[in-house]
*Asks:* 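The structure's right below; bear with me while I get my questions together.
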Number of protein chains: 2
Amino acid sequence: MMTVLEKMACEAREESTCQMTEDMLAEIKENLPPPELLTDLADLYKMFGDSTRLSILSALRQGELCVMHLAEILNMTQSAISHQLRALRANNLVRYRREGKLSYYCLADEHVETIIDMGLEHILEERVY
Amino acid sequence: MMTVLEKMACEAREESTCQMTEDMLAEIKENLPPPELLTDLADLYKMFGDSTRLSILSALRQGELCVMHLAEILNMTQSAISHQLRALRANNLVRYRREGKLSYYCLADEHVETIIDMGLEHILEERVY
DNA sequence: CAAACACATGAACACTTGTTCATATGTTAA
DNA sequence: TTAACATATGAACAAGTGTTCATGTGTTTG
């Protein structure tokens, strides 16, 4: 049977091996971004987590395109492209303008390209090793 | 019935309204990143597309942590954290070292933080408007 | 007006994904 | 060695996601 003091001594030893107290854990927890922001951030990155959407964004880097042309470039149905454009639009990654029968889409801002390039850098650096 | 010449004229008109020829579409297609790279990139961003993993990465920005502490900080089971760490490790987003019974995890490189910050900037800029 | 066209959208389905539960692996202490 | 501990992992299940198909909306043309 272990006494209270022995338990405390043991815990103190464990904490010292981990270099971590409850207070420190609490501080790390407080310094995390708020949960709502993290879910928004996750939703944003989900948009980049699909190769069809990445293809659409990559095509739009070369200039404004209408839905049908995107479908031709990616060899996919107009419906599939339209569904994905809707998602990209909802997350403010693309903007569009209507001109007659056609809807022209383009990238929303420079962040979109920057985010893609950061990911590419990460992947390409790995491949060197 | 439309003659061949009429069809050609019609197509030429359509192309001129779209400012886009088949050759231009082919060029855009050729300039896309190769499909294999796009799927790798999508797999990478899938890692950022989950709030649990984003929380883990955010916690690790503040320093090296073992699995149990991560579980405490995020109020989640050790198993759930361990599964996610496995995924993050497979995508080279975290590194770990074993010290006795404990496994310490840390961020793999600066890209991880940069990618997260790019996303945060994108979200926070939207909220201004 | 009707027909053709470009795009959007809802439902359904297969597929993927995150968590839980149970258990296995590996390390340390008794 | 056995017990306790920290972590890893496999199976299973619910929830989420991407595509297809059918159809709806809005615009232009004849």
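Heavy-atom basis, side chains included; hydrogens, waters and symmetry copies ignored. Just so we're on the same page: letters track the sequence lines, and every chain starts at 1. Keep in mind it's a predicted model, so treat the numbers as computed, not measured.
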*Asks:* Applying side-chain contact (heavy atoms from CB on, under 4.5 Å), name anything that partners A/Pro35, two or more places apart in sequence or on another chain.
*Replies:*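 With neighbours one apart ignored, the set is empty.
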*Asks:* If I take atom CD1 in residue A/Ile81 and atom C1' in nucleotide C/dA8, what distance separates them, rounded to the nearest angstrom?
*Replies:*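 Value for this atom pair: 14 Å.
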*Asks:* So, using side-chain hydrogen bond (donor to acceptor under 3.5 Å, both in side chains) as the criterion, who are the partners of A/Gln78 when residues are at least two apart?
*Replies:*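 Testing A/Gln78 for side-chain hydrogen bond (donor to acceptor under 3.5 Å, both in side chains), a comparison that skips the adjacent residues, returns none.
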*Asks:* Under a 4.0 Å heavy-atom cut-off, which of residues 45-64 of chain A touch DNA chain C?
*Replies:*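 Those residues whose heavy atoms fall under 4.0 Å from DNA chain C, taken from residues 45-64 of chain A, amount to none.
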*Asks:* Answer yes or no as to whether D/dT19 has its base stacked against A/His83, where stacking requires a ring-centre separation under 5.5 angstrom and planes under 30 degrees apart.
*Replies:*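 Here the ring of A/His83 and the base of D/dT19 are not stacked, as the 5.5 Å and 30° limits are not both satisfied.
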*Asks:* Does B/Gln84 have a side-chain nitrogen or oxygen under 4.0 Å from the phosphate oxygens OP1 or OP2 of C/dT17?
*Replies:*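 For B/Gln84, the contact criterion (side-chain N or O under 4.0 Å from OP1 or OP2 of C/dT17) is not met.
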*Asks:* Check the phosphate of C/dA8 against A/Arg89, side-chain N and O only, distance under 4.0 Å to OP1 or OP2. Yes or no?
*Replies:*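 True: A/Arg89 side-chain N/O within range (under 4.0 Å) of C/dA8 OP1/OP2.
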*Asks:* Roughly, in whole Å, what's the span from CG in A/Leu88 to P in C/dT9?
*Replies:*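 Distance, rounded to whole Å: 14 Å.
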*Asks:* How long is the line joining CZ of A/Arg97 and P of C/dA6, in whole Å?
*Replies:*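 Taking CZ of A/Arg97 and P of C/dA6, I get 16 Å after rounding.
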*Asks:* To the nearest angstrom, how far is B/His69 atom NE2 from D/dC5 atom C1'?
*Replies:*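 About 13 Å, once rounded to whole Å.
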*Asks:* When all nucleic acid strands are considered with a 4.0 Å heavy-atom cut-off, which category describes A/Ser82: base, sugar-phosphate, or nothing?
*Replies:*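 Base contact.
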*Asks:* Starting at CG of A/Leu70 and ending at C1' of C/dA6, how long is that distance when rounded to a whole Å?
*Replies:*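 After rounding, the gap between these two atoms is 13 Å.
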*Asks:* Between A/Asp43 and B/Val67, which is nearer to the 5' end of DNA chain D once each is assigned its nearest nucleotide?
*Replies:*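 Mapping each residue to its closest nucleotide by heavy atoms, the 5'-most match is B/Val67.
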*Asks:* Round to the nearest Å and state the distance from B/Tyr96 atom OH to D/dA6 atom C1'.
*Replies:*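 Rounded to whole Å, this separation is 13 Å.
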*Asks:* In terms of the angle between their ring planes, are A/Phe48 and B/Tyr45 parallel, tilted or perpendicular, with boundaries placed at 30° and 60°?
*Replies:*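 The arrangement is tilted - the two ring planes meet at 30° to 60°.
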*Asks:* Residues two or more places apart in sequence or in another chain: which of them pass side-chain hydrogen bond (donor to acceptor under 3.5 Å, both in side chains) with B/Lys101?
*Replies:*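 Result, side-chain hydrogen bond (donor to acceptor under 3.5 Å, both in side chains) vs B/Lys101: none returned.
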*Asks:* Strictly under 3.5 Å: I want the nitrogen or oxygen pairs between protein and nucleotides 22-30 of chain C, one per line.
*Replies:*
none

*Asks:* Applying side-chain hydrogen bond (donor to acceptor under 3.5 Å, both in side chains), can you list everything that pairs with A/Glu27, at least two apart in sequence or on another chain?
*Replies:*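 Residues passing side-chain hydrogen bond (donor to acceptor under 3.5 Å, both in side chains) with A/Glu27: none at all.
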*Asks:* How many whole angstroms separate atom CD of B/Glu72 from atom C1' of D/dT7?
*Replies:*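 Computing the B/Glu72:CD to D/dT7:C1' distance gives 14 Å.
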*Asks:* Atom OH of B/Tyr105 and atom P of D/dA6: how far apart are they, to the nearest Å?
*Replies:*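 Going from OH in B/Tyr105 over to P in D/dA6 covers 15 Å.
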*Asks:* Would you list the pairs meeting salt bridge (Lys or Arg N to Asp or Glu O under 4.0 Å) in which at least one residue belongs to residues 54-66 of chain B, sequence neighbours left out?
*Replies:*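 Qualifying pairs, neighbours excluded: B/Arg61-B/Glu113, B/Arg61-B/Asp117, B/Glu64-B/Arg97.
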*Asks:* Side chains of B/Leu102 and B/Val67: closer than 4.5 Å at any heavy-atom pair?
*Replies:*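 They are not in contact (no side-chain heavy atoms under 4.5 Å apart), so the answer is no.
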*Asks:* Can you tell me which residue pairs pass the salt bridge (Lys or Arg N to Asp or Glu O under 4.0 Å) test with a partner in residues 65-77 of chain B, sequence neighbours excluded?
*Replies:*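 Residue pairs passing salt bridge (Lys or Arg N to Asp or Glu O under 4.0 Å), neighbours aside: none found.
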*Asks:* What side-chain donor-acceptor pairs closer than 3.5 Å can you find for residues 80-92 of chain A, not counting sequence neighbours?
*Replies:*
from: A/Gln84; atom 1: OE1; to: A/Arg53; atom 2: NH1; distance (Å): 2.8
from: A/Arg89; atom 1: NH1; to: A/Tyr105; atom 2: OH; distance (Å): 3.3
from: A/Asn91; atom 1: ND2; to: A/Ala87; atom 2: O; distance (Å): 3.0
from: A/Asn92; atom 1: ND2; to: B/Glu126; atom 2: OE1; distance (Å): 3.4

